[in-house]
Protein chains: 2
Amino acid sequence: MARSNRERTDATRTALLDAARRLFVEKGYAETATPDIVAAAGVTRGALYHHFPDKKTLFWAVVEREAGEVAADIEARSAEASSAREALLQGACAYFDAMAAPGRTRLLLKEAPAQTVVDSGNGEDPAESSLKVGLSHLLEGAALLPLLDPLTVLVSAAFERAAIAIDCGGNRKNYEAAIAALIDGLRPDELRR
Amino acid sequence: MARSNRERTDATRTALLDAARRLFVEKGYAETATPDIVAAAGVTRGALYHHFPDKKTLFWAVVEREAGEVAADIEARSAEASSAREALLQGACAYFDAMAAPGRTRLLLKEAPAQTVVDSGNGEDPAESSLKVGLSHLLEGAALLPLLDPLTVLVSAAFERAAIAIDCGGNRKNYEAAIAALIDGLRPDELRR
DNA sequence: TACGGATACATTCAGTCTGTATGTAAATTT
DNA sequence: AAATTTACATACAGACTGAATGTATCCGTA
């Protein structure tokens with residue numbers, strides 16, 4: 001069976017990414033050895049180190065692929081909402097839906113943060129920046145607007161922790177309600193209730 | 001120089017804990033090798049594996065010692081507050097003060113979570129349970145009271161993320177204000193402003 | 001279409017790390 | 001004072017990562 005180089009590369013890379021994803025989700029990054037990954041992918045370590053400079057780079061390739069799928073999932077659901085509040089709540093729902101795909105929470109919210117280097121300001125979480133847009137509309141002209149950046153960071157942390165809690169068996173409805181309560185609390189007084 | 005066994009053990013254990021803490025903070029758990037730790041502590045790996053069954057256990061001993069110091073720091077500052085709101089804000093300030101000790105944020109909020117096993121419900125974060133008490137007073141008789149547990153989890157996540165952001169050079173005043181805004185948002189309407 | 005290089009691996013190897021097993025001197029117990 | 005336990009130090013085995021090297025296949029070119 002003759003395959004073009006492009007086909008071979010694509011097949012091998014996705015086999016490695018798929019196998020690595022499975023094992024990273026199952027056992028975590030540190031507990032997953034490259035011999036196990038290549039065995040699961042049906043190739044040798046030579047192939048792995050041909051396509052990726054090291055284990056970390058393979059890991060980040062897995063994470064970025066997954067993050068891209070999450071972004072696509074959410075993008076596809078960017079329905080126009082009637083209000084800033086509705087937009088944020090819809091966004092929350094889409095986010096929780098996207099993170100419900102098996103292994104995503106473990107991969108994106110546990111393993112990936114564990115491997116990020118500590119000091120360097122890590123670049124641009126897309127989920128966080130879209131949250132920031134939503135919050136900026138909610139706070140338009142309000143006294144809290146100068147706190148937009150830190151509030152975005154904190155609410156983003158709440159989102160992520162909610163996703164983790166749901167992934168660990170927590171009641172999704174309750175966490176969605178709690179998120180809604182946090183967001184409603186930030187609304188300017190004149191708009192409440 | 002004759003030392004009792006107790007003295008020898010204490011000296012060696014604290015030397016190991018101190019050296020390990022320094023290196024774990026500097027380079028993280030995975031990048032810190034036991035040969036480096038024992039070299040920094042002035043002992044051999046035999047001593048390490050005599051006192052701790054493995055590297056992970058040493059790590060958790062470091063983390064628990066640090067967590068104990070944080071708890072003590074905060075405990076010492078448990079001033080009576082005039083209101084539930086004030087108590088929470090004072091608690092936030094005490095928490096940020098405690099986490100300002102060099103390396104604590106990295107150790108307790110980055111390295112430790114990275115090493116926690118995924119599934120098992122990890123037991124009782126003391127900071128979180130005291131936060132829960134504070135929130136329960138704030139929400140006394142309010143419509144949000146049924147959401148106390150999830151709200152505690154989310155607000156706790158916000159606290160931790162704020163500490164991380166401050167540790168990374170973020171403006172503490174801004175994050176304190178953002179935390180205050182989140183908490184104020186949860187207060188029953190009749191108490192606002 | 002024959003050839004020279006590039007590509008995509010497979011295999012071997014060196015260095016490092018973890019945990020264990022064994023040896024020993026000092027302290028403690030009897 | 002002898003026996004035993006404690007607190008280590010040293011030696012060792014297994015595993016893993018990344019680099020070096022070898023090889024078959026593909027691909028552009030003449």
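In what follows, every chain begins at residue 1, and chains take the letters A, B, ... in the order their sequences are listed. Side chains are part of it too, since the values below use all heavy atoms of this structure and drop only hydrogens, waters and symmetry mates. Values in this document were obtained by computation on a predicted structure and should not be read as measured data.
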Measure the shortest side-chain to side-chain distance between [X] and [Y] over non-hydrogen atoms and say whether it is less than 4.5 angstrom.
X: B/T116; Y: B/W60; result: yes
X: A/I166; Y: A/T105; result: no
X: B/E111; Y: B/V25; result: no

Looking at [Y] and [X], is there a salt bridge between them, counting it only when a charged N and a carboxylate O are closer than 4.0 Å?
X: B/R13; Y: B/E7; answer: no
X: A/R104; Y: A/E69; answer: yes
X: A/D36; Y: A/K27; answer: yes

For the pair made of [atom1] in [X] and [atom2] in [N], what is the distance, rounded to whole Å?
X: B/R3; N: D/dT6; atom1: CZ; atom2: P; answer: 18 Å
X: A/R8; N: C/dT7; atom1: CZ; atom2: C1'; answer: 8 Å
X: A/E7; N: D/dC26; atom1: CD; atom2: C1'; answer: 12 Å
X: B/F52; N: D/dA7; atom1: CZ; atom2: C1'; answer: 14 Å
X: A/H50; N: D/dG22; atom1: NE2; atom2: P; answer: 18 Å

Within the structure, does a side-chain N or O atom of A/T9 lie under 4.0 Å from either OP1 or OP2 of C/dA8?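 Checking C/dA8 against A/T9, a side-chain N or O does come within under 4.0 Å of OP1 or OP2.
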Counting only side-chain nitrogens and oxygens, does B/H51 get under 4.0 Å of the OP1 or OP2 atom of D/dC8?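 Answer is yes, contact under 4.0 Å.
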Give me the residues of residues 11-27 of chain A where at least one heavy atom lies under 4.0 Å from an atom of DNA chain C, by number, or none. A/T12
Just wondering, are more than 12 heavy atoms of other shown residues or ligands nearer than 6.0 Å to CD in A/Q90?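 Not more than 12 within 6.0 Å, no.
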Nearest-nucleotide check on DNA chain C, A/D10 vs B/N5; residue mapping nearer the 5' end is A/D10
To the closest 0.5 Å, what do you measure between CG (A/L144) and CG (A/L147)?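 A/L144 CG to A/L147 CG: 6.0 Å, rounded to 0.5 Å.
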Qualifying ring-ring contact (aromatic ring centres under 6.0 Å, His included) pairs with a residue from residues 3-41 of chain A, counting only residues at least two apart or across chains: A/F24-A/Y29, A/F24-A/F59, A/Y29-A/F59
Would you mind building the protein contact string for nucleotides 9-20 of chain D? One character per nucleotide, 5' to 3', B for base within reach (heavy atoms under 4.0 Å), S for sugar-phosphate only, - for untouched. BB-----SBB--
